[in-house]
Amino acid sequence: MKMIDNSFVRRINDILIEQDIPIGDRPLETALIWMEENKILGQYVDRDSYEVVEKIYKEIYPYEDFSLAVLKGCVAIQDKIYKVNIPICYGTVQIDILALIEIDMNELQNIFQNHPEQGWRAYYAVGDLLDYGFGIDDLRFIKDEGSQLLEQATNNLIATGRILLQYENVDVVVQTACITAELSMKAVLAKFGYDEKSRRSLGHNLENLAKEIVKMKTMDSDDRFLYECGCFPDYVQNRYSPSGLSRKQLMNLAMRAQFVAAESVRRITDRNLVKEMESDPCNLERPDFDL
């Protein structure tokens with residue numbers, strides 16, 4: 001068996017570029033192709049092969065993030081956005097929720113000491129991302145209209161975080177955040193059997209979409225779900241004029257959209273880590289989004 005070398009990775013990378021495979025997914029795809037060509041069988045990717053491939057990709061693209069994740073999202077703390085990578089897990093694992101936030105632990109400790117409501121809001125926001133990320137991963141093999149809508153919702157959720165990591169031209173977050181919420185809810189309605197005509201009749205009114213979901217699947221969090229869906233701006237109107245929202249308000253909107261997306265997916269999967277987090281007597285009550 002030949003060793004994995006730079007020329008092999010570059011050759012496969014060129015092929016994957018033409019296939020429109022996202023750059024972050026290419027190391028894993030390349031490792032799988034290597035395994036296939038060398039008849040290496042197994043349920044999971046060969047770790048040694050992947051590490052060699054990833055190292056070469058980092059040499060080709062030194063500033064690219066190749067961390068493996070089910071979902072790459074974000075959380076808002078005060079006026080800053082921090083990345084959150086939801087890890088790929090197998091079997092039963094212990095997850096340190098706050099450790100998933102890409103933040104210096106001393107900085108995070110200071111947040112909990114001086115602005116505890118901000119720290120706890122981030123804590124629950126990571127829970128939303130875990131429920132959403134693992135939930136859509138559970139559904140990934142079901143190829144239907146609902147799954148297609150969830151894929152688009154996820155693209156907008158990821159885009160929202162990436163936009164907010166910048167400090168300019170962030171007003172477009174109104175569109176990406178609201179579309180995340182709308183498409184995730186319409187995806188769930190599709191899973192419940194609502195056809196395109198029925199979903200289209202509900203328009204872009206997020207509160208009406210939430211009411212339909214609650215009709216199909218009631219949960220203890222219904223009241224909050226309905227309330228938060230009534231707090232979104234009119235993003236159809238905002239297509240044509242500035243939103244007038246501050247950066248902090250846009251960040252709050254992004255966190256609200258992630259909650260709505262997660263709350264929707266919780267209705268069609270067995271994922272509900274947030275319920276456990278909220279019921280833990282050691283935890284503070286979930287803070288409002290508009291801090």
Side-chain angles (χ1 to χ4, degrees), residues 12 15-16 18-47 49-50 53-54 66-73 84-95 100 126-161 179-196 198-199 209 212-213 216-217 219 257-276:
I12 301 302
I15 294 171
L16 296 178
E18 293 303 315
Q19 294 177 352
D20 202 26
I21 303 299
I23 189 170
D25 296 339
R26 287 183 219 153
L28 181 59
E29 292 291 332
T30 301
L32 289 170
I33 291 170
W34 172 262
M35 291 174 62
E36 182 180 356
E37 289 190 4
N38 288 276
K39 297 181 172 53
I40 300 174
L41 304 178
Q43 186 177 1
Y44 307 119
V45 67
D46 177 65
R47 178 185 290 271
S49 299
Y50 177 79
V53 169
E54 183 185 38
F66 290 111
S67 55
L68 291 175
V70 171
L71 176 69
K72 296 186 178 184
V84 176
N85 287 345
I86 303 304
I88 297 173
C89 300
Y90 300 103
T92 302
V93 296
Q94 188 78 21
I95 295 178
L100 298 180
V126 175
D128 287 335
L129 289 170
L130 283 162
D131 283 344
Y132 184 81
F134 288 141
I136 59 174
D137 189 58
D138 291 341
L139 300 168
R140 69 188 184 282
F141 296 119
I142 304 173
K143 305 300 182 184
D144 58 14
E145 195 172 13
S147 294
Q148 292 175 5
L149 290 169
L150 275 178
E151 183 177 351
Q152 292 304 312
T154 303
N155 290 341
N156 279 276
L157 184 151
I158 295 170
T160 299
I179 290 172
T180 296
E182 179 181 343
L183 290 182
S184 61
M185 287 193 284
K186 286 187 172 178
V188 168
L189 288 174
K191 295 286 189 181
F192 281 139
Y194 284 60
D195 60 20
E196 183 178 1
S198 300
R199 300 194 307 270
L209 290 169
E212 291 299 312
I213 289 175
M216 301 301 296
K217 174 70 173 181
M219 294 173 64
Q258 288 184 173
F259 165 77
V260 169
E263 187 64 25
S264 301
V265 170
R266 284 191 274 262
R267 313 258 165 169
I268 55 172
T269 70
D270 295 327
R271 304 288 181 175
N272 201 340
L273 176 62
V274 163
K275 183 177 181 179
E276 297 179 27

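Starting from 1, each residue takes its place in the sequence as its number.
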Exercise. Taking it one step at a time, do Val274 and Glu263 satisfy side chain to side chain contact (heavy atoms under 4.5 Å, CB included)?
Worked result: CA-CA 9 Å; Val274 163; Glu263 187 64 25; over 6 Å; no

Exercise. Can you check side chain to side chain contact (heavy atoms under 4.5 Å, CB included) on Gln19 and Ile15, steps first, answer last?
Worked result: CA-CA 6 Å; Gln19 294 177 352; Ile15 294 171; 3.6 Å; yes

For this session: For Leu157 and Tyr132, run side chain to side chain contact (heavy atoms under 4.5 Å, CB included): C-alpha distance rounded to whole Å, both residues' side-chain angles, the deciding distance at 0.1 Å, then the answer.
Result: CA-CA 11 Å; Leu157 184 151; Tyr132 184 81; 4.2 Å; yes

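For Thr180, the side chain to side chain donor-acceptor pair (under 3.5 Å) criterion is met by no residue, not counting sequence neighbours. With sequence neighbours excluded, the residues that form a salt bridge (Lys or Arg N to Asp or Glu O under 4.0 Å) with Asp137 are Arg140. Among residues two or more places apart in sequence or in another chain, the side-chain contact (heavy atoms from CB on, under 4.5 Å) test is passed with Gln152 by Asn155, Leu183. Checked against side-chain contact (heavy atoms from CB on, under 4.5 Å), Asp195 has the following partners two or more places apart in sequence or in another chain: Lys197, Ser198. Here Glu29 pairs with nothing under the salt bridge (Lys or Arg N to Asp or Glu O under 4.0 Å) rule; sequence neighbours left out. The side-chain contact (heavy atoms from CB on, under 4.5 Å) test applied to Asp138 returns Arg271, not counting sequence neighbours. With sequence neighbours excluded, the residues forming a side-chain contact (heavy atoms from CB on, under 4.5 Å) with Met216 are Phe192, Tyr194, listed by chain and number. In this structure Glu145 satisfies the salt bridge (Lys or Arg N to Asp or Glu O under 4.0 Å) test together with Arg199, sequence neighbours excluded. Legend: residues meeting salt bridge (Lys or Arg N to Asp or Glu O under 4.0 Å) with Asp131, ordered by chain and number and at least two apart, are Arg266. Gln94 meets the side chain to side chain donor-acceptor pair (under 3.5 Å) test with no other residue; sequence neighbours excluded. In this structure Lys191 satisfies the side chain to side chain donor-acceptor pair (under 3.5 Å) test together with Asp144, Ser147, sequence neighbours excluded. In terms of the side chain to side chain donor-acceptor pair (under 3.5 Å) criterion, Ser184 has no residue partners (sequence neighbours excluded).
Arg267 places no side-chain N or O within 3.5 Å of a backbone atom of Val188 that could act as its donor or acceptor partner. Put simply, the side chain of Asp25 never gets that close to the backbone of Ile21: no donor and acceptor are under 3.5 Å apart.
In this structure, the separation between NZ on Lys72 and CD1 on Ile86 is 12.0 Å, given to the nearest 0.5 Å. Here the straight-line distance linking atom CD1 of Ile136 with atom CD1 of Ile268 works out to 10.5 Å at 0.5 Å rounding. Atoms CG and CD, from Leu189 and Glu196 in turn, are 13.0 Å apart once rounded to the nearest 0.5 Å. Once rounded to the nearest 0.5 Å, the distance linking CG of Leu139 with CZ of Phe141 reads 11.0 Å. Interatomic distance, CD1 of Ile95 versus CG of Leu273, reported as 7.5 Å (0.5 Å rounding). Atom-to-atom distance recorded for Met35:CE and Ile33:CD1 is 12.0 Å, nearest 0.5 angstrom.
Smallest separation of non-hydrogen atoms from Phe134 and Val70: CE2-CG2, 4.1 Å. Closest non-hydrogen pair, Ser264 versus Ile213, comes out as OG-CD1, 4.1 Å. Here the closest heavy-atom approach between residue Asn85 and residue Ala69 is recorded as CB-CB, 4.0 Å. Closest of all the heavy-atom pairs between Ala190 and Gly146 is CB-CA, 3.8 Å. Heavy atoms only, all atoms of each residue included: Gly24 and Phe66 are closest at CA-CD2, 4.2 Å. Smallest separation of non-hydrogen atoms from Ala187 and Leu149: CB-CB, 3.6 Å.
Side-chain contact between Met185 and Val260: present, with at least one pair of heavy atoms (C-beta onward) separated by less than 4.5 Å. Counting heavy atoms from C-beta outward, Leu130 and Leu100 have side chains that approach closer than 4.5 Å. Counting heavy atoms from C-beta on, the side chains of Gln258 and Leu129 come closer than 4.5 Å. Counting heavy atoms from C-beta on, the side chains of Leu71 and Ile158 come closer than 4.5 Å. For the pair Lys143 and Gln148, the minimum side-chain heavy-atom distance is 4.5 Å or more.
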